[in-house]
Amino acid sequence: MKKMTLLSAIFGAGIIAYSCGGGGGSSGTVATYITDSPENFKKLEVGIREVSLVNTGTGEECIVFSSDPAYRIDLIEVRNVLQLLDISSCPAGPYNRLRIVMDKSPVEVIDNNGDSHICELVDHDPNHNPNIPNEVHCDPNTNTCHVLVNGAVNIFASQNNHLILDFELKDSEVNLNTNPCTVTFKVTPLHAKGDKHDELSGVITDLRNGSFDLNVHHGMTFTVDYSQVNQTGVDDLLQFAYSKNLKVEVECISLDLNTAHCIAKEIEVEVKGKAQNVGPNSLQIQMDPDDPGSTIDVELEPNGELEGDI
């Protein structure tokens with residue numbers, strides 16, 4: 001059995017709950033992020049279906065993120081950043097649980113040897129006690145698992161507050177020797193953002209000189225100022241991403257949720273497809289097997305990395 005253990009003990013979704021001032025209302029705005037910092041694997045992709053705030057005393061529940069099909073995210077890609085998932089509104093008041101619903105399978109893992117594995121989530125408690133908080137519990141009748149996280153979240157209509165929740169690896173296990181391989185973990189809350197940067201992920205809907213509009217999950221659009229990005233060929237990179245409707249990841253120096261504005265520090269474009277004509281410093285990627293025009297040339301930087309099968 002291969003076990004992942006980290007001193008910082010972060011495995012998955014970091015959730016920040018903000019109640020943004022709007023004046024006089026009875027609800028607050030909740031911004032949901034995801035973060036990660038595992039080091040033992042090159043890829044660990046899960047599917048998140050729903051995140052909700054719950055008051056177990058009153059029965060009040062507010063869904064702050066929902067996706068059908070599940071929102072697939074590679075947790076390795078978001079290490080050291082807080083990737084925005086959604087912004088929603090919740091009734092003001094106290095909540096004492098955060099409920100996260102995930103697909104039981106597939107969980108895609110690429111280990112440090114570059115080998116790919118299709119795993120599934122399993123109960124952290126082998127006795128399957130669904131009342132134990134902060135642990136993965138799976139429903140034997142469906143393809144979903146959930147975690148009920150202990151932690152007080154107070155949503156105020158005219159104040160800002162935040163809570164960060166990290167999925168811990170110190171009590172987590174990834175077993176690559178079973179068929180299928182399995183992943184399980186615990187979750188505990190933290191109360192500090194640390195040095196993690198905000199990140200947006202989406203597609204460009206309008207590209208201008210020095211800025212662009214980025215449509216992220218659930219139709220939210222942010223204006224991104226990339227004038228401070230010090231990357232060679234960034235204009236060509238963005239034009240390419242815009243023309244091909246590719247996924248763009250933006251690490252923000254600052255992110256203003258009220259004005260939906262990001263000042264970019266770094267930009268990455270994700271290209272997926274079949275690799276061909278692989279050389280020592282270059283290769284081609286055919287994004288659409290039915291479209292010869294979708295083939296692009298890729299030059300590899302020194303010590304550059306590629307994910308997937310070649």
Side-chain angles (χ1 to χ4, degrees), residues 12-14 31-36 42-49 65-87 103 106-110 116 196-208 211-226 229 231 233-252 255 260-275 283-291 293-301 304-310:
T32 306
Y33 293 78
I34 187 164
T35 187
D36 183 46
K42 294 184 176 181
K43 182 176 184 178
L44 204 162
E45 184 179 279
V46 298
I48 300 177
R49 286 193 169 270
F65 174 78
S66 179
S67 180
D68 185 17
Y71 181 71
R72 303 291 303 177
I73 185 164
D74 179 4
L75 303 177
I76 306 301
E77 287 188 349
V78 293
R79 59 184 180 269
N80 301 321
V81 299
L82 298 169
Q83 186 180 110
L84 181 67
L85 285 183
D86 206 353
I87 298 176
D103 278 350
V107 178
E108 297 184 40
V109 176
I110 298 179
S116 298
K196 294 178 180 289
H197 295 281
D198 294 305
E199 183 178 272
L200 301 174
S201 177
V203 295
I204 299 174
T205 57
D206 187 24
L207 179 60
R208 303 172 295 275
S211 69
F212 57 88
D213 292 339
L214 189 72
N215 186 283
V216 302
H217 189 68
H218 277 201
M220 296 181 295
T221 299
F222 283 78
T223 298
V224 178
D225 177 350
Y226 71 94
V229 174
Q231 290 178 238
V234 66
D235 292 304
D236 292 337
L237 179 69
L238 292 173
Q239 182 60 53
F240 174 73
Y242 181 41
S243 64
K244 300 294 185 180
N245 201 39
L246 298 176
K247 178 182 176 182
V248 176
E249 296 177 354
V250 182
E251 185 175 325
C252 304
L255 178 62
H261 187 268
C262 162
I263 298 178
K265 175 185 178 183
E266 185 175 296
I267 296 173
E268 292 184 0
V269 173
E270 183 177 288
V271 178
K272 293 183 178 181
K274 180 180 179 181
L283 76 158
Q284 291 180 321
I285 295 180
Q286 187 175 6
M287 294 182 290
D288 184 349
D290 298 322
D291 179 11
S294 70
T295 300
I296 63 170
D297 297 321
V298 178
E299 293 184 5
L300 302 181
E301 296 181 356
E305 292 187 0
L306 293 173
E307 289 186 359
D309 298 326
I310 298 180

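Residues: numbered from 1 along the sequence shown.
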For a 4.5 angstrom cut-off between non-hydrogen side-chain atoms, does R208 reach D213?
yes

Between R49 and D68, which heavy-atom pair has the shortest distance, and what is it?
NH1-OD1, 3.1 Å

Please round to the nearest 0.5 Å and tell me the distance separating atom OG of S243 and atom CG of L238.
10.5 Å

Taking every non-hydrogen atom, the tightest pair across I204 and Y242:
O-CD1, 3.5 Å

Shortest non-hydrogen contact between I267 and Q231, atoms and distance
N-OE1, 2.7 Å

Under 30°, 30 to 60°, or over 60°: which ring-plane class applies to F65 and Y71, parallel, tilted or perpendicular?
perpendicular

Rounded to the nearest 0.5 angstrom, the CD1-NZ distance for I110 and K42 is 8.5 Å

Would you indicate whether the side-chain heavy atoms of V271 and F240 approach each other to under 4.5 Å?
yes

Please examine the side chains of C262 and D198, heavy atoms only from C-beta on, and report whether any two atoms are closer than 4.5 Å.
no

Pairwise side-chain contact, E108 with S116, heavy-atom cut-off 4.5 Å (strictly under)
no

Heavy atoms, side chains only, cut-off 4.5 Å: are L44 and V107 in contact?
yes

Shortest non-hydrogen pair, G47 vs R72, comes out as N-NH1, 3.3 Å

With rounding to the nearest 0.5 angstrom, report the CG to NZ distance, L214 to K247.
11.0 Å

Return the minimal non-hydrogen interatomic distance between L200 and V216, and the atom names on each side.
CB-CG1, 4.2 Å

Is there a side-chain contact (heavy atoms from CB on, under 4.5 Å) between F222 and L255 once you walk through the steps?
CA-CA 9 Å; F222 283 78; L255 178 62; 3.9 Å; yes

Check whether any side-chain heavy atom of D235 lies under 4.5 Å from a side-chain heavy atom of Y226, and answer yes or no.
yes

Which value, rounded to the nearest 0.5 Å, describes the distance between D225 atom CG and I263 atom CD1?
6.0 Å

If you compare all heavy atoms of A241 against all heavy atoms of V248, which two are closest, and at what distance to 0.1 Å?
CB-CG2, 3.7 Å

